[in-house]
Each structure stands twice: as C-alpha cells, then as structure tokens.
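Here is the structure we will look at, set down as structure tokens.
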2 protein chains.
Amino acid sequence: MRLSKRGEYGLRAMIMLATSGPGGHPAVIQIREISEREKIPAKFLEQILLTLKNAGLLHSKMGVGGGYHLAKPASEISLGHIIRILDGPLAPVKCVSQMAYEPCGCPDEETCGLRLAMGDVRNSLAKILDGTSLEDVTRRVSKVRKSLKSG
Amino acid sequence: MRLSKRGEYGLRAMIMLATSGPGGHPAVIQIREISEREKIPAKFLEQILLTLKNAGLLHSKMGVGGGYHLAKPASEISLGHIIRILDGPLAPVKCVSQMAYEPCGCPDEETCGLRLAMGDVRNSLAKILDGTSLEDVTRRVSKVRKSLKSG
DNA sequence: TTAAAAGTCTATTAGTACTATAGACTTTAT
DNA sequence: ATAAAGTCTATAGTACTAATAGACTTTTAA
C-alpha cells in the first residue's frame, strides 16, 4: 500500500507551493529551489512538475523570474487528485476502481469476498484523499506549529 | 496504492479456506484445488501458502489426504495481518509506519504536512484491515448471497 | 514395501515498473 | 546577446514482482 517516490515528491512539492504563498497569493518557485529545499533529484522533479502542469494543476512561466505556481486555489486541489495523476488509481485491486475498472476474474464479482473488502478500502482512501485539500494540509501544519510554540 | 498479486492471491486463498469450512470446522484443501478454483499459478501459490504457514496463519499436513487449513478460527485472522505478511507495512510512507518506521528526511517530522496526511491514511487502512476478520468476510459474502436470492 | 499423493525448500528467470539521468531545445527578461 | 528558467524525449540502471523449475521429504494405503 505504498506511495511511490514520484507521488511522494509530487505531494511534497505541491504542499510547498501551497504553503509558501503570502496571504493567498500563489507562490512562484523554481524547480531548483523546490529540489534543494525538499532534497528531490532536480531532473526527476522536473518531470513530475511537468506532468502536474499538463494535468492542469500547475501553471509555469519560462525565462528569467519564471517558475511554478498552483493553477487553482489550494482549497480546490485535493491530495487524491495529485496522487491519481502521478500514481494512478487509488483502488487496491482493479475490480473496485472507479477510474480504471477491470474485471478481476473471479467467478462472481457480486459475491467475491475480496472485492467487497477492497471496495471498503478504496472508498475510505477516496474519502480521506479527495476530502483533503492542500489548504487543509497547510492549515493543519500551521496549527501544529502554533501548538508546539505555546507548548 | 495497489495490492500485489502475491497479496491478492494470498487473501483469496485464505478467504476460500475460511469459507469452505463446514460448520466451524476448518476446511482442509490442497494447493492444487485452490489453484484451480481461483485460477492462481500453482507454484506461485505454493510459495505464498508456505509463507503464510511459516507466519503461523496456516497449518498443513503432508502426504495422501493432506492439505492446508487455517491455524486459528477465522474470527481471529485479520486481513491486515495477511497483507502485512505478504506485502509488508500498510503505511503509504515509511515515516508513518508502525511496523517499519524510518525517517523520511524532512527537516521537521512533527510539522511535515505530508506526514500528517499520510498518518491519517495509515490509520484508516489499519482500522479497516485489522478490524476485518476472515469471518467478517465470509459472513458478508453469505449475506449478499442471500439478498441476491430473495431479490 | 512401495507407489502415489501431498507439502517443502531453494534457486533462477522473465518481465515490468520505478527511479533517475542526459541532453538538446524553447521562451523570456534584461 | 546572454543567462535564467521551463520543455520534451529518450534511455539507463535497478529493484521488485511474478512465475517457473526441480529435487526433496512426509504420509497413507494398496
């Protein structure tokens, strides 16, 4: 049930872009800076951000002073969306996938025990990941920071 | 977030063993029969069942009339346990794993947004998978069967 | 007592997906 | 014109997954 490095790096980068924006303005950050701050191989990160851009989650600007920024408000980008783009379907087995259904080959899908159980897992994953936006993440982080300061 | 074939096959076999038992008695079934009924490559299944046996979830008997059966009541074997044995930790990233923790390398773990979000995911997975026993699965299957009959 | 049925164990291969790197190209600001 | 930045495609390396192979041990029963 592991997240790939691609997925992990992509999420880290998106969270960083969401967190760095001063007062709602989307931050513009260069690949190199994200790569250095998050210790992600630059060339690999480049591919990941490009994928996210082509999927419509990021905008970019070339040339001097360019970089990446979120294409939408952080509140409108969910973790589930990012993960699906980079790692594919959330479903543990294809026969319960919403975005990439395929029959699993059991004699009767409707009464397949594995399918019933994995359906629950998929739904729970989707609920959490589609229900958590980048804004939710940054809010939670700053909350934890504050509670650590005062503690 | 995909389940490996190893994990899938192992779960299918365990569910079959739990389902086939007549009135609480654990069913004794041969590799070959499981392999045929579930369409799992026999030699691969062999390895999987051996792993599950060495982990204490199955018992086996060699020779004529032998085969595999559950080592414990179906109510005491959780899907989470089976998956951990065959596929490793449930956690999407190692820094939130209970059974195989490793630092993820972020500057501050306590305030890492990714870690906070993935912690939720891990907990939810663990809640479902550790909270669902083979008995729960068989009960649910027979419930669905009945409702399909009467429908 | 021996043949057949069944599991055990270890090694090896084939395939695939993940991770990362390379390098040539385009756009933009100054 | 030049330097800073993103774009795009190809490819290499590696690790893991899935599957196969084969020789061995235990047990039952004819």
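Just so we're on the same page: letters track the sequence lines, and every chain starts at 1. Since we're looking at a predicted model, the values are computed, not measured.
- Not counting sequence neighbours, A:Glu76 has no partner by the salt bridge (Lys or Arg N to Asp or Glu O under 4.0 Å) test.
- For the segment residues 77-101 of chain A, the set of residues with a heavy atom within less than 4.0 Å of an atom of DNA chain D is empty.
- Not a single salt bridge (Lys or Arg N to Asp or Glu O under 4.0 Å) links B:Arg122 to another residue, sequence neighbours left out.
- Atom CE of A:Met1 and atom P of D:dT17 are 13 Å apart (whole Å).
- Panel note: side chain B:Ser35, backbone B:Ile40; a donor-acceptor pair is recorded below 3.5 Å.
- Counting non-hydrogen atoms under 4.0 angstrom, A:Arg6 reaches a base of the nucleic acid.
- Distance alone, capped at 3.5 Å, places no donor-acceptor pair between the A:Ser60 side chain and the A:Gly67 backbone.
- Counting to the nearest Å, the C1' atom of D:dT11 and the CZ atom of A:Phe44 are 15 Å from each other.
- Contact annotation: the side chain of B:Arg12 approaches that of A:Cys112 to within less than 4.5 Å [non-hydrogen atoms, C-beta and beyond].
- In this structure B:Asp108 satisfies the salt bridge (Lys or Arg N to Asp or Glu O under 4.0 Å) test with no other residue, sequence neighbours excluded.
- Atoms CG (A:Leu50) and P (D:dA5) sit 17 Å apart, rounded to a whole Å.
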Under 3.5 Å between N/O atoms: give me all the protein pairs with nucleotides 26-29 of chain D, atom names plus distance.
residue: D:dT28; atom: OP1; partner: B:Lys61; partner atom: NZ; Å: 3.4

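- The nucleotide range of DNA chain C contacted by chain A, defined by atoms under 4.0 angstrom from heavy atoms of the protein and reported 5' to 3', is C:dT19 to C:dA29.
- Distance NZ (A:Lys43) to P (D:dA12): 16 Å, rounded to an integer number of Å.
- Using a 4.5 Å cut-off on side-chain heavy atoms (C-beta onward), B:Leu79 and B:Leu134 make contact.
- Rounded to whole Å, atom P of D:dA5 lies 7 Å from atom CZ of A:Arg32.
- A:Leu70 is listed as a side-chain neighbour of A:Leu58, based on a closest heavy-atom distance under 4.5 Å.
- Using a 4.0 Å heavy-atom cutoff across all strands shown, A:Leu49 reaches no nucleic acid atom at all.
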